[in-house]
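The model shown is predicted, which means the values in this text are computed figures rather than measured ones.
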Amino acid sequence: MPLSDPSYTLPVLCAASLLAGLIDGMVGGGGLIQLPALLLLLPKVPVPTVLGTGKVASLAGTSASAFRYLRGLAGVSINWRTVAVAAVVAGCFALLGARAVSGLNKDLVKPLVLALLVLMAAYTFWRKDFGSLHAPRLHGRRELWTGVALGASIGFYDGFFGPGTGSLLLFAFVGLFGYDFLAASASAKVVNIATNITGLAYFISTGQVLYHYALPMAACNVLGSTLGARLALSRGTGFVRVLFLVVVSGFILKLGWETWQAMS
């Protein structure tokens with residue numbers, strides 16, 4: 001049976017979206033599963049429309065997991081004002097990144113992101129206590145401006161290129177702000193919602209969403225993300241740390257292969 005057969009395209013896409021939501025709900029990186037599935041099963045659909053369709057599911061799932069984290073981490077010391085500022089800035093810069101795509105070669109970014117992911121994985125593996133304790137280290141204006149810088153850089157990256165945004169945000173909230181993995185996951189989800197909203201607004205305005213695929217996938221992504229967030233909250237920071245390393249390693253292998261193919 002060919003991959004384009006509509007009798008099972010939607011069920012497979014929904015299954016991929018469910019799994020993507022499960023992973024994304026814990027440590028980010030669901031796009032590593034969902035986007036390749038969309039590209040494989042919808043080969044005749046223009047890439048912008050594929051991205052717009054997937055963005056509906058991603059936004060729905062990220063919002064659901066963020067809500068779950070906010071409920072589960074009630075009372076944890078997180079400066080939501082700074083996170084909100086980072087989210088607004090990230091949303092604005094995601095739009096700038098999307099506009100910059102036409103003028104820059106995204107293939108030049110892959111080796112840089114690959115190197116960054118390798119450093120992230122090595123540092124997390126080496127520092128056994130990384131992300132295990134929630135001890136915010138920034139305060140006042142320093143925390144606020146760090147949030148602005150984080151939102152601008154990650155937001156632009158997400159609009160311009162995208163893969164690994166959730167994992168980059170997670171690492172930044174642990175490394176820069178001193179959050180544990182659970183609090184960092186919650187904060188990263190809020191910022192990621194903003195970048196997804198910006199991207200989705202663009203795709204909707206240009207008519208690049210296939211709603212008959214997007215809406216069922218969104219429902220599955222919400223289910224997966226809710227289960228993922230619940231699992232992360234129940235298993236604790238140690239579990240999330242290990243899964244974070246697994247997902248980042250997956251990104252490293254994927255980008256490494258793509259970079260190797262581009263060079264050969």
Closest non-hydrogen atom pair, I193 against S63: CD1-CA, 3.7 Å

S225 side-chain N/O to V222 backbone N/O, donor-acceptor pair under 3.5 Å: no

Heavy-atom closest contact (A86 atom, G147 atom, distance): CB-O, 3.2 Å

In one Ile/Leu/Val/Met/Phe/Trp/Tyr side-chain cluster, 4.5 Å: I252, F125: no

Close side-chain approach of V240 to R235, heavy-atom, < 4.5 Å: no

Spatial distance of atom OG (S17) from atom CG (L22) [nearest 0.5 Å]: 11.5 Å

Student check: side-chain heavy atoms of V85 and L144 closer than 4.5 Å: yes

Transitive ILVMFWY side-chain link V190 to F171, under 4.5 Å: yes

Interatomic spacing from CG in L70 to OG in S65 - rounded to 0.5 Å: 9.5 Å

Trace of the side chain to side chain contact (heavy atoms under 4.5 Å, CB included) decision for Q34 with S58: CA-CA 9 Å; Q34 182 170 273; S58 298; 3.2 Å; yes

Atom of K189, atom of A66 and distance for their closest heavy-atom approach: CB-CB, 3.7 Å

Over 12 foreign heavy atoms within 6.0 Å of CZ, F203: yes

Transitive ILVMFWY side-chain link I78 to V88, under 4.5 Å: no

Criterion side chain to side chain contact (heavy atoms under 4.5 Å, CB included) on F93 and L96, from CA distance to verdict: CA-CA 5 Å; F93 273 78; L96 293 177; 4.0 Å; yes

Any side-chain heavy-atom pair of P48 and T206 under 4.5 Å: no

For F181, the option from F239, F244, Y69 that meets ring-ring contact (aromatic ring centres under 6.0 Å, His included): F244

Main-chain N/O of L227 paired with R68 side-chain donor or acceptor, under 3.5 Å: no

Side-chain donor-acceptor pair present, N192, T62, cut-off under 3.5 Å: no

Minimum heavy-atom distance between A194 and A87, given as atom pair plus value: CB-O, 3.0 Å

Check: T198 and C92 side chains under 4.5 Å, non-hydrogen atoms: no

Note, L223 side chain near L18 side chain (heavy atom, < 4.5 Å): yes

Close side-chain approach of L35 and L51, heavy atoms under 4.5 Å: yes

Rounded distance [0.5 Å steps], CG in N196 versus CG in L59: 5.5 Å

Cluster check L42, L215: I/L/V/M/F/W/Y, side chain < 4.5 angstrom: yes

Side-chain touch Y213/V56, heavy atoms, less than 4.5 angstrom: no

Closest heavy-atom pair and its distance - A232, M26: CB-CG, 4.0 Å

More than 12 heavy atoms from other groups under 6.0 Å of CZ on R141: no

Taking every non-hydrogen atom, the tightest pair across A188 and L170: CB-N, 3.9 Å

Criterion side chain to side chain contact (heavy atoms under 4.5 Å, CB included) on L200 and V209, from CA distance to verdict: CA-CA 9 Å; L200 183 56; V209 176; 4.3 Å; yes

Test item: T53 side-chain N/O and L210 main-chain N/O as donor-acceptor pair under 3.5 Å: yes

Within-4.5 Å side-chain heavy-atom neighbours: F177 and T82: yes

Side chain to side chain contact (heavy atoms under 4.5 Å, CB included) evaluation trace for L38 with M217: CA-CA 11 Å; L38 280 163; M217 288 177 65; 3.9 Å; yes

Euclidean distance, R142 CZ relative to L176 CG, rounded to 0.5 Å: 9.5 Å

Separation between CD1 of I154 and OG1 of T195, rounded to the nearest 0.5 Å: 9.5 Å

Single-linkage hydrophobic cluster W80~L150, side-chain heavy atoms < 4.5 angstrom: yes

Value rounded to 0.5 Å, distance of OG in S167 from CG in L117: 7.5 Å

